[in-house]
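Throughout, a chain's letter reflects where its sequence line sits, starting with A, and its residues are numbered from 1. Small disclaimer: the values here were computed from a predicted structure and weren't measured.
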Amino acid sequence: MPELPEVEVVRRGLERWVAGRTVTEVEVLHPRAVRRHPAGGEDFAARLKGQRFEVARRRGKYLWVPLAETGTSVLGHLGMSGQLLVQPEGAPDEKHLRIRIRFDDSAGTELRFVDQRTFGGLSLHDQTPDGTDGLPDVIGHIARDPLDPAFDDAAFQSALRLRRTTIKRALLDQSLISGVGNIYADEALWRSKLHYDRPTASLTRPRSAELLGHVRDVMNAALVAGGTSFDSLYVNVNGESGYFDRSLDAYGREDEPCHRCGTPMRRRAWMNRSSYFCPRCQRPPRTTA
DNA sequence: ACGGGCGCCTGCCAGC
DNA sequence: TGCTGGCAGGCGCCCG
């Protein structure tokens, strides 16, 4: 699944390949792919036609492409399996092609949204009233991600101390910090030697600062690993950057030795998904042991 | 207001 | 071999 670094690679691909181009035709091939567009697929297509794409923006795992001189943007989320592809016109349709966008120029390529599981989709939204970053109104509640220069470390750390929840829940809470998925949460917690059920209020400032640093390290490592392919015609992403194969210390490593101490890693059911951790390096909090 | 939990989807694969 | 059911999980939404 696309994590934040992969989404950033997609954003760069959009900037490289579709910025400045004007839409002539939109085909919505699956209604679920535009379910976040309340007025429906026909409205989506009609309103997009004739608009010119500006440079794609990103917040967390959301992408948006402002439409020139409108205050409106195409908002996209890749969900679990979404891809944005720039393909040659006439290339065979992908099995899970959901939306096709054609342009009026002679570049010979079109933009495709392909999504097997349809957790993702595209929609049109006005920007927030205060106009911050041209952010679409429906994602006004999404916090900045830790790679954003304007991310406020101190505010995040303060919020952790005030919350009455556990640390992994907080890492996945989009209103506190965005762009951290299940995989990166487990990786950052392992690096920080923190158990996923640790109450956020129990983290000292140095510990939360260290955690934040590890979140950034994990993301940056993946960005470096995946950032080399973005200027190919194929805008990415198959969601499986080589980074995952080589560099995971926690996620998916049940029964394999901890890369730090050799203890077999464990998996626990958690929120209808899994948490992977080292039982020796990441001791459970006393209250929930 | 805040925190917890569920459901949406489909392909894969282990197990019977 | 063919079927079934569990699993993957970001995030909106609903409930208490």
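With hydrogens and angles ignored, a donor-acceptor pair closer than 3.5 Å exists between the side chain of A:R169 and the base of B:dG5. The base of B:dG4 is not paired with the side chain of A:R164 by any donor and acceptor separated by under 3.5 Å.
Applying the side chain to side chain donor-acceptor pair (under 3.5 Å) test to every pair with at least one member in residues 62-73 of chain A, sequence neighbours left out, gives these pairs: A:T72-A:D126. Among pairs with a residue in residues 18-45 of chain A, those fulfilling ring pair (Phe, Tyr, Trp, His ring centres under 6.0 Å) read A:H37-A:F44, at least two apart in sequence or across chains.
Both A:T166 and A:R273 sit near DNA chain B, but only A:T166 has its closest nucleotide nearer the 5' end. Judged by closest nucleotide on DNA chain B, A:L162 is the one of A:R32 and A:L162 placed further toward the 5' end.
Regarding A:R268, its CZ atom lies at a distance of 14 Å from the P atom of C:dA8, rounded to whole Å. With rounding to whole Å, A:I183 atom CD1 is found 11 Å from C:dA8 atom P. Between A:H125 atom NE2 and C:dG12 atom P there is a gap of 11 Å when expressed in whole angstrom units. The distance from atom CE of A:M271 to atom P of C:dA8 is 14 Å, rounded to the nearest whole Å. Rounded to whole Å, the distance from OH on A:Y276 to C1' on C:dC7 is 9 Å. Rounded to whole angstrom, the span from the CZ atom of A:R35 across to the P atom of C:dG10 amounts to 15 Å. Between A:F119 atom CZ and B:dC6 atom P there is a gap of 15 Å when expressed in whole angstrom units. In this structure, CD of A:Q83 is placed 14 Å from P of B:dG11, rounded to the nearest angstrom.
Listed pair A:S274 / C:dA8 meets the phosphate criterion, a side-chain N or O lying under 4.0 Å from OP1 or OP2. The phosphate of B:dC8 has neither OP1 nor OP2 within less than 4.0 Å of any side-chain N or O from A:R117. The phosphate of B:dG4 (OP1 or OP2) has a side-chain N or O of A:T165 nearer than 4.0 angstrom. Look at A:H30 and you won't find any side-chain N or O under 4.0 angstrom from OP1 or OP2 of B:dC9. One finds a side-chain N or O of A:R267 lying less than 4.0 angstrom from the OP1 or OP2 phosphate oxygen of C:dA8. The phosphate of B:dG11 (OP1 or OP2) has a side-chain N or O of A:H96 nearer than 4.0 angstrom.
A:R253 contributes no side-chain N or O that, together with a main-chain N or O of A:M265, makes up a donor-acceptor pair within less than 3.5 Å.
Between A:D145 and the options A:R58, A:K61, A:R216, A:R11, a salt bridge (Lys or Arg N to Asp or Glu O under 4.0 Å) holds for only A:R58. Among the candidates A:L211, A:L194, A:D186, A:L176, the single residue satisfying the side-chain contact (heavy atoms from CB on, under 4.5 Å) test with A:L171 is A:L211.
Closest to the A:Y62 side chain, of the nucleotides C:dG12, C:dG10, B:dC9, is C:dG12. Checking C:dG10, B:dG3, B:dC6 against every side-chain atom of A:R163, the shortest atom distance belongs to B:dG3. Listed candidates were B:dG11, C:dG10, C:dG12. Nearest to the side chain of A:Q116 is B:dG11.
Looking only at side-chain heavy atoms (C-beta outward), A:V18 and A:L84 stay at 4.5 Å or farther from each other.
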